[in-house]
Amino acid sequence: MSPDSPAFTIAAFHDDRTGTVSYVLADPATRQAAIIDPVLDFDLKSGRTSTIQADRLLAHLAEARLTVQWILETHAHADHLSAARYLQSHVGGRIAIGEHIREVQAVFRDLYNLERDFLPDGRPFDHLFRDGETFLIGGIQAQAVLVPGHTPACVAYHVRDGRAEGAPDAVFVGDTMFMPDVGTARADFPGGDAATLYRSIRRLLALPPATRLFVCHDYPPEGRAPAWETTVADQRAHNIHVHDGVSESAFVALRTGRDARLEVPALILPSLQINIRAGQLPPAEDNGVSYLKIPLNTLSRQ
Ligand SMILES: [Fe+2]
């Protein structure tokens, strides 16, 4: 590889319907790749899943002749179903998330009163990351950074361009910060906490200013096209919720005030049921059909 070759490539796939951005991070030298936050399409009205978004990823993987080593979730999403299991069945790879997924599994096992053999032990994820754990994607050095606050199990993935001198690192920040003009993720889901989110964000913003940040969602204001890449410097200067100078107490007041006015996401109850199972549908009943549960009068606003 010449010194000018990029050590990694990043392809982004924006889902208009949920505002989610999925990524394929690849090492051109080894053609090994990681998929980050893949979306399984879901129509709530008909109860039907489909794979339009996931198939875009499969087409890209085939076209670029990539082998999937990892399928990485930044957290158990509440706004979309994960396509991790569908993609794994097609292209392999280990499905991974932060180790605190166990806490999220325990909360939602109780909420849904799941089957007895559903254990909050991290299964069926193939790997649970500890804070600071390093791993490889082909020859790319990657590190899991636990960034709780939006949920207890949130993890950011920090990748280093070890072979390109001076090239900035990239971090997939999940739902911590959004683009600077949108701000930050909500912190009112079960186990969420605004002060914890603030500390996680400041930890990411302590990285070098040129560090590239890739967000998990964009909800652009009127007139702006969807975007997903920003930098530490940009966030520190312009993020409407956490720019430099915003104290933890000011952030907590702003975040909790906003969260109190936000509606529960439309797909939270379907999503968590699938996403705590790493994108697997619940076990089929004796007629061969999988069902989702809607617990009545149980999900409390925080
Ligand atoms: Fe989220």
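Whatever order the structure lists them in is the order used to number ligands and atoms, beginning at 1.
Inspection of the Asp218 and His14 side chains reveals no N or O donor paired with an N or O acceptor under 3.5 Å.
In terms of modelled atom types and a separation under 3.5 Å, the side chain of Asp259 and the main chain of Arg186 share no donor-acceptor contact. Between the Gln235 side chain and the Phe178 main chain, a donor and an acceptor come within less than 3.5 Å of each other.
The aromatic rings of Phe129 and Trp70 are tilted relative to each other, their planes meeting at an angle between 30° and 60°. Classification of the His241-Phe251 ring pair by plane angle, with boundaries at 30° and 60°, yields tilted.
For the Fe ion (ligand 1), the tally of protein N/O/S atoms lying closer than 2.8 Å stands at 3.
Counted within 6.0 Å of CZ on Arg123, heavy atoms from surrounding residues, nucleotides or ligands total 12 or fewer; the atom is thus considered open.
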